[in-house]
Number of protein chains: 2
Amino acid sequence: MPARSSRHATLLEVAREANASKTSVSRYFSGERERLSPALQRRIGEAARQLGYRPNQMARGLKGGRSRLLGMLVADIRNPYSVAVMHGVEQACRERGLSLLVANTDNDPAQERTHLALLTSYRVEGLVINAAGSPTHELQDLAEQGLPLVLLDRWLEELDADRVGLDNALAVDMAIDHLSAQGYRHLLFLSEPVGQASPRQQRWQRFEQRLADEPALNGERHDPPLDGEAVQQVVGDFLARANRPAALLCANGNVTLAATRALQALGIRLGEVGLLGIDELDWCGLVPPGITTLAQPTEAIGRAAVQQLQARLDDSGSTLPPRRTLFPPTLNERGSTRLTTFDKAPDNHSENAKETP
Amino acid sequence: MPARSSRHATLLEVAREANASKTSVSRYFSGERERLSPALQRRIGEAARQLGYRPNQMARGLKGGRSRLLGMLVADIRNPYSVAVMHGVEQACRERGLSLLVANTDNDPAQERTHLALLTSYRVEGLVINAAGSPTHELQDLAEQGLPLVLLDRWLEELDADRVGLDNALAVDMAIDHLSAQGYRHLLFLSEPVGQASPRQQRWQRFEQRLADEPALNGERHDPPLDGEAVQQVVGDFLARANRPAALLCANGNVTLAATRALQALGIRLGEVGLLGIDELDWCGLVPPGITTLAQPTEAIGRAAVQQLQARLDDSGSTLPPRRTLFPPTLNERGSTRLTTFDKAPDNHSENAKETP
DNA sequence: TTGTACGCGTTATCAA
DNA sequence: TTGATAACGCGTACAA
């Protein structure tokens, strides 16, 4: 029984109880158990268990500067993409004996600043940053102070830090190539308001570039707000203007959701008008005839972020050049980009598709 | 310019720079700014800004025992329900100037133990626990040591702690009442493997009780593993046995997803066989004709958890009796429980429904 | 192999 | 209003 009613047992108390010195107890809990005599080990172990002793990480961090804490700044924690990446980050942390201090900013630059200060005040050993705004100056300072940090998904041009994320140009290429191969000729690129977010900018730009390069391809780009009727309006207008076969390319998961709603509201059948979304979501196979997506390797991205941080941590001293780690997406082909599929069966049963000319 | 190339400025350095004492600087950053002369305030503020000083929370926590950290143990961070609740927790934390240390256990009791130890080693001031297994003993110890903790969603009978979550009995009642009112007579209650998880047990039991009480209602209960073909098998068998009108009641969001897949694979139209899920999900309005759900007030649940912790923190001393805070769900009525709806249009356009007898 | 003594950055206590 | 000093719990030279 831990007995102590309201406080925590300390190293010193364990030492007393075990009739040993602070140093020995410290060693016992710092992976130097081997260097103690078997007898001492038993005494300390016993005493610690009896008092319910747990080393105080705060005190540990204070002395050695090793907080064993990693900070993660997330722009929108309710985004499944963010959570999936975070899961990868967390696993990688666990494998290294690190804990994760998570801060969600809800895409608010003010909160971003606050949380950044907060994270550093806990002396995190590294920072995974999925930025909302552009707290470039603050980050620059942190980087200069020698704090390892890696930019996740969204990055800031002015900040020359390590970056991990999707190969956005490749993703757009794959999307366009697939739609093109399926016979779609008139493309609508749909994004959340582009603003400062780099992935949106990059996908957007790549789309424009491809349109410019290939005269056979027609297209438009729009970034309406996702709440309200704007999306339906934009899609409706596009479809009224565009010749067929026409398709929608959604820049991320949120857009895919909004676009699917819009198409349904307009009474349009998926596939007849193509739909391809960047980001894979649980339900993409469920909406008949299934929504084609480009899945990001979220776990790998998360792990890569931590790995990069670790590299900086190990390297502390010499200045490695900033490194960019880009991952390719995976195409999940479903009915929404099958021009000839007018059937409503779920994707995994499309072999039973009945033609409805 | 923060100048210092690689370390953090300390209180002492600020004091020297400002020609003040440590105490004064400490006061300046501890909300006792008023008690300093305007001149001193200016000097300290200046010096701090110049050196880029940030109080070290680790050291703070060491001295006063105030880590300003709350710990949250999450059973499955990829579950949208968990994330939504976490969002509420996080907001409530922010309002109180607390930070959140999140630990995901992936439903693994071993990791649960580890993470629990980790969280306490950072001297979190309180713990929000969405337990995977039953680390009852560990938790009991923590509670006895005076650490405020609140059980979220899942609770452990043996542990007499504060609890926050959904009113599960009410939820099942509402589900059955709705299905019953819509004309469904033969019910299949579908759950993830019940095991130790208390919400599953409670929902399961309430379902059984209602069946026993009302002879007019027929029903079965199953808890197949969600991966693989088991769900489709169970649903198929049930539908082969049961008379109509028949309906499925899904015990949580994961089950709803699996059940929807199964019904699609079986080529069954929603509504014709009823489908009602506990937990609201992004896509429930998207799968024609929309899936009826019981939404949990996730934000409120998260906030309530922190609020409860706060109460314990404030009260420290006298022993308040354990408190249970249960929230009612909200019914989102959609096409999947509309017996007469054979139309495939999205929910928000059901007024245009064409009858297809 | 084990113990002593000091320092980490902060707050609390007390005195000026 | 300000300042000196002693903790807080732990790691780590260094000495034994």
Side-chain angles (χ1 to χ4, degrees), chain A residues 4 6-45 47-48 51-69 117-118 120-125 145, chain B residues 4 6-45 47-48 51-69 120-125 145:
Chain A
R4 300 194 53 80
S6 178
R7 285 213 80 61
H8 262 112
T10 78
L11 188 67
L12 187 61
E13 292 171 327
V14 175
R16 274 204 271 269
E17 179 75 20
N19 211 342
S21 75
K22 293 191 334 180
T23 313
S24 300
V25 181
S26 173
R27 289 204 173 113
Y28 183 88
F29 285 102
S30 302
E32 304 187 55
R33 215 167 283 194
E34 328 301 331
R35 295 176 42 182
L36 304 179
S37 71
L40 229 200
Q41 285 189 38
R42 263 202 329 102
R43 294 212 311 274
I44 293 179
L51 287 111
Y53 170 72
R54 292 254 140 238
N56 184 334
Q57 279 293 351
M58 291 280 164
R60 269 185 163 163
L62 187 53
K63 179 57 187 165
R66 311 221 130 286
S67 65
R68 306 316 287 149
L69 233 37
L118 221 51
T120 61
S121 80
Y122 282 102
R123 297 300 185 265
V124 292
E125 297 185 30
Q145 285 182 13
Chain B
R4 302 192 51 83
S6 178
R7 284 213 82 61
H8 263 114
T10 78
L11 188 67
L12 185 62
E13 291 170 326
V14 175
R16 275 204 270 270
E17 180 74 20
N19 210 343
S21 74
K22 295 196 315 183
T23 313
S24 299
V25 180
S26 173
R27 288 200 174 114
Y28 184 87
F29 285 101
S30 301
E32 304 187 56
R33 211 166 286 192
E34 327 302 332
R35 295 177 41 182
L36 303 180
S37 70
L40 229 199
Q41 286 190 37
R42 265 203 327 102
R43 292 206 319 267
I44 294 179
L51 286 110
Y53 170 72
R54 291 252 140 238
N56 184 333
Q57 279 292 353
M58 291 281 164
R60 271 185 161 163
L62 184 53
K63 179 57 186 164
R66 311 220 131 288
S67 66
R68 306 315 289 149
L69 234 37
T120 61
S121 80
Y122 281 101
R123 297 299 184 265
V124 292
E125 297 185 30
Q145 286 181 12

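Throughout, protein chains are lettered first and strands after them, A, B, ... in sequence-line order, and every chain is numbered starting at 1.
Straight-line distance from the CZ atom of R43(A) to the C1' atom of dT1(C): 12 Å, rounded to whole Å. Atom-to-atom, OH of Y28(A) to P of dC10(D) comes out at 15 Å; the value is rounded to the nearest Å. If you measure from atom CZ of R42(A) to atom P of dT1(C), you get 18 Å, rounded to the nearest angstrom. Rounded to an integer number of Å, the gap from N19(B) CG to dT1(D) P is 20 Å.
Using a 4.5 Å heavy-atom cutoff, the side chains of V25(A) and K22(A) are not in contact.
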Practice problem: I would like to know whether T23(B) and S26(B) meet side chain to side chain contact (heavy atoms under 4.5 Å, CB included); could you show each step before the answer? | Solution: CA-CA 5 Å; T23(B) 313; S26(B) 173; 5.6 Å; no
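Listed by chain and residue number, E32(B) satisfy the salt bridge (charged side-chain N to carboxylate O under 4.0 Å, His left out) test with R35(B) (two or more places apart in sequence, or in another chain). Under the rule for a side chain to side chain donor-acceptor pair (under 3.5 Å), E17(B) has no partner lying at least two apart in sequence or in another chain. Considering only residues two or more places apart in sequence or on other chains, S67(B) meets the side-chain contact (heavy atoms from CB on, under 4.5 Å) condition with M58(A), L69(B), E125(B).
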Exercise. Treat primed atoms plus P, OP1 and OP2 as sugar-phosphate and everything else as base, then score nucleotides 6-12 of chain C 5' to 3': B for base contact with protein heavy atoms under 4.0 Å, S for sugar-phosphate contact only, - for none.
Key: BBBBBBB
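Note on the helix from dT1(C)-dA16(D) to dA16(C)-dT1(D): terminal axis deviation equals 30°, with five pairs used at each end and the result rounded to 10°.
Interatomic distance, CG of L11(B) versus CD1 of I44(B), reported as 9.0 Å (0.5 Å rounding). Here the straight-line distance linking atom OG of S24(B) with atom CD of Q41(B) works out to 10.5 Å at 0.5 Å rounding.
Residue pairs meeting the side-chain hydrogen bond (donor to acceptor under 3.5 Å, both in side chains) criterion with at least one member in residues 53-65 of chain B, sequence neighbours excluded, do not occur.
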